[in-house]
Amino acid sequence: QLSELRESWFRLDEWKSWCSKLISRELELVLKWGINDFKEDVNGECPAVEVFKYRDENGYFGQSPEPRDTRPPHVKYRVGQVIRHLRWGYRGVIIGWDETARAPEAWIREMHLNNREWSRQPNYAILVDTRDRTAPQITYVPQENIEVVKHTKVLHPSVEDYFEQFDGSQYLPRPWLRSIYRRD
């Protein structure tokens with residue numbers, strides 16, 4: 001029995017096959033969930049799958065590589081600050097912002113629904129803490145839906161891609177991110 005167990009469960013090919021099936025099923029659920037459940041989202045957000053669908057040279061969703069040489073006074077928050085979503089309660093860290101929503105018009109119509117003023121205020125790209133939402137996500141949130149929290153680290157697999165360290169209050173951007181958000 002032990003040799004049979006060893007052959008079926010402890011072989012690399014068996015594990016790779018099992019993992020591949022599991023990931024395929026999960027990805028299918030995430031894609032289905034992102035397309036169906038978030039169409040009615042009154043908070044103007046979307047899961048990371050939806051954000052990355054539109055990520056391109058237009059710099060949508062706070063991901064433009066264009067340097068922000070000035071920081072307008074109405075942009076309340078900075079890259080590296082840890083926030084909490086006022087309605088959904090999840091925590092996250094800001095990785096980018098736009099002075100006004102910068103997203104495809106179809107996305108804004110679908111996600112902002114009856115809250116068109118959200119597209120005229122600063123919007124922030126947020127790495128969502130995986131303790132609050134288990135699948136790693138990036139959301140794009142209007143300014144009025146977030147508040148800063150202090151002394152809170154965020155768990156997300158991409159935190160180290162954007163930040164060098166956490167100083168106890170906020171994250172310190174890596175040089176490439178600091179070169180984009182010079183005034184943050």
Side-chain angles (χ1 to χ4, degrees), residues 34 38-130 132-133 136-154 156 158-159 161-164 166-167 169-184:
F38 275 81
K39 282 186 179 178
E40 304 298 323
D41 188 350
V42 297
N43 292 303
E45 298 182 26
C46 63
V49 172
E50 192 66 21
V51 171
F52 283 109
K53 184 168 104 176
Y54 289 107
R55 195 172 182 183
D56 67 359
E57 71 277 356
N58 294 317
Y60 291 141
F61 305 107
Q63 301 296 305
S64 171
E66 297 169 16
R68 301 337 193 258
D69 291 323
T70 60
R71 193 168 170 278
H74 68 280
V75 176
K76 192 173 176 181
Y77 304 112
R78 297 182 312 277
V79 167
Q81 287 184 302
V82 178
I83 59 90
R84 183 179 72 81
H85 192 283
L86 292 171
R87 176 157 185 197
W88 298 114
Y90 65 77
R91 294 159 294 179
V93 59
I94 297 171
I95 59 169
W97 54 261
D98 292 313
E99 202 172 327
T100 59
R102 189 170 176 179
E105 189 57 37
W107 184 91
I108 290 173
R109 272 194 314 274
E110 187 175 320
M111 296 300 166
H112 290 185
L113 296 174
N114 298 324
N115 299 294
R116 293 296 286 176
E117 69 277 1
W118 286 347
S119 63
R120 293 185 291 276
Q121 64 181 266
N123 277 246
Y124 300 84
I126 310 290
L127 287 181
V128 177
D129 194 315
T130 55
D132 299 326
R133 291 187 173 176
Q137 294 182 356
I138 298 174
T139 56
Y140 193 58
V141 184
Q143 183 166 278
E144 72 181 64
N145 289 345
I146 60 176
E147 67 181 359
V148 170
V149 294
K150 298 283 186 181
H151 313 295
T152 303
K153 280 184 116 176
V154 170
H156 189 285
S158 297
V159 165
D161 295 339
Y162 292 92
F163 304 103
E164 293 182 330
F166 181 70
D167 72 2
S169 181
Q170 66 182 20
Y171 285 87
L172 304 177
R174 291 204 170 274
W176 70 266
L177 190 56
R178 219 175 17 248
S179 71
I180 297 171
Y181 296 95
R182 298 174 185 163
R183 304 281 184 215
D184 284 14

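These numbers come from a predicted model, not from an experiment.
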Between [X] and [Y], which heavy-atom pair has the shortest distance, and what is it?
X: Ala103; Y: Ile108; value: O-CD1, 3.7 Å
X: Arg84; Y: Gly89; value: CG-O, 3.6 Å
X: Arg178; Y: Glu164; value: NH1-OE1, 4.0 Å

>> Working note: Ile83 + Val93, criterion side-chain contact (heavy atoms from CB on, under 4.5 Å); need CA distance, chi angles, decisive distance, verdict.
In response: CA-CA 6 Å; Ile83 59 90; Val93 59; over 6 Å; no
>> Pair Trp88, Asn145 - check side-chain hydrogen bond (donor to acceptor under 3.5 Å, both in side chains), show working.
In response: CA-CA 9 Å; Trp88 298 114; Asn145 289 345; over 6 Å; no
> After noting the C-alpha distance and the side-chain angles of Val79 and Leu177, does the key distance pass the side-chain contact (heavy atoms from CB on, under 4.5 Å) rule?
Replying inline: CA-CA 9 Å; Val79 167; Leu177 190 56; 3.5 Å; yes
Can you tell me how far [atom2] of [Y] sits from [atom1] of [X], rounded to the nearest 0.5 angstrom?
X: Tyr140; Y: Trp97; atom1: OH; atom2: CH2; value: 10.5 Å
X: Ile94; Y: Tyr77; atom1: CD1; atom2: OH; value: 7.5 Å
X: Arg71; Y: His74; atom1: CZ; atom2: NE2; value: 10.0 Å
X: Arg174; Y: Tyr162; atom1: CZ; atom2: OH; value: 12.0 Å
X: Asp161; Y: Phe163; atom1: CG; atom2: CZ; value: 10.5 Å
X: Glu147; Y: Lys76; atom1: CD; atom2: NZ; value: 9.0 Å

>> What I want to find out is whether Arg102 reaches Glu66 closely enough, with some N-O distance under 4.0 Å, to be called a salt bridge.
In response: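 Yes.
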> Would you find a donor on one side and an acceptor on the other, under 3.5 Å apart, between the side chain of Ser179 and the backbone of Trp176?
Replying inline: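 Yes.
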> Hey, is the main chain of Glu144 close enough, under 3.5 Å, to the side chain of Gln121 for a donor-acceptor pair?
Replying inline: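 Judged by distance alone, yes, a pair lies under 3.5 Å.
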Side chain to side chain donor-acceptor pair (under 3.5 Å) against [X], all qualifying residues, sequence neighbours excluded:
X: Asp167; answer: none
X: Glu117; answer: none
X: Arg68; answer: Asp98, Tyr181

> Just checking, any donor-acceptor pair under 3.5 angstrom between side chains of Arg78 and Gln170?
Replying inline: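 Result is yes, a qualifying pair exists.
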>> With side-chain hydrogen bond (donor to acceptor under 3.5 Å, both in side chains) as the criterion, how do Thr139 and Tyr124 come out once you've worked through the C-alpha distance, each side chain's angles and the decisive distance to 0.1 Å?
In response: CA-CA 8 Å; Thr139 56; Tyr124 300 84; over 6 Å; no
> So Ile138 and Phe61, side-chain contact (heavy atoms from CB on, under 4.5 Å) or not? Walk me through it.
Replying inline: CA-CA 9 Å; Ile138 298 174; Phe61 305 107; over 6 Å; no
> For Phe166, what residues pass the side-chain contact (heavy atoms from CB on, under 4.5 Å) criterion, not counting sequence neighbours?
Replying inline: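 So Phe166 forms a side-chain contact (heavy atoms from CB on, under 4.5 Å) with Val82, Lys153, Tyr171.
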>> As a test of understanding, state which of Thr130, Val141, Val154 forms a side-chain contact (heavy atoms from CB on, under 4.5 Å) with Tyr90.
In response: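 Result for side-chain contact (heavy atoms from CB on, under 4.5 Å) with Tyr90: Val141.
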>> If the condition is salt bridge (charged side-chain N to carboxylate O under 4.0 Å, His left out), which residues does Asp132 pass it with, not counting sequence neighbours?
In response: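 Residues passing salt bridge (charged side-chain N to carboxylate O under 4.0 Å, His left out) with Asp132: Arg91.
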> Under the salt bridge (charged side-chain N to carboxylate O under 4.0 Å, His left out) test, which residues partner Arg183, sequence neighbours left out?
Replying inline: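 Arg183: no salt bridge (charged side-chain N to carboxylate O under 4.0 Å, His left out) contacts found.
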> Does the side chain of Ile95 come within less than 4.5 Å of Gln63's, by heavy atoms?
Replying inline: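 Yes, side chains in contact.
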> Do Pro122 and Glu99 touch side chain to side chain, with heavy atoms closer than 4.5 Å?
Replying inline: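 In short, these two side chains do not touch, never coming nearer than 4.5 Å.
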>> With side-chain contact (heavy atoms from CB on, under 4.5 Å) as the criterion, how do Thr100 and Asn123 come out once you've worked through the C-alpha distance, each side chain's angles and the decisive distance to 0.1 Å?
In response: CA-CA 6 Å; Thr100 59; Asn123 277 246; over 6 Å; no
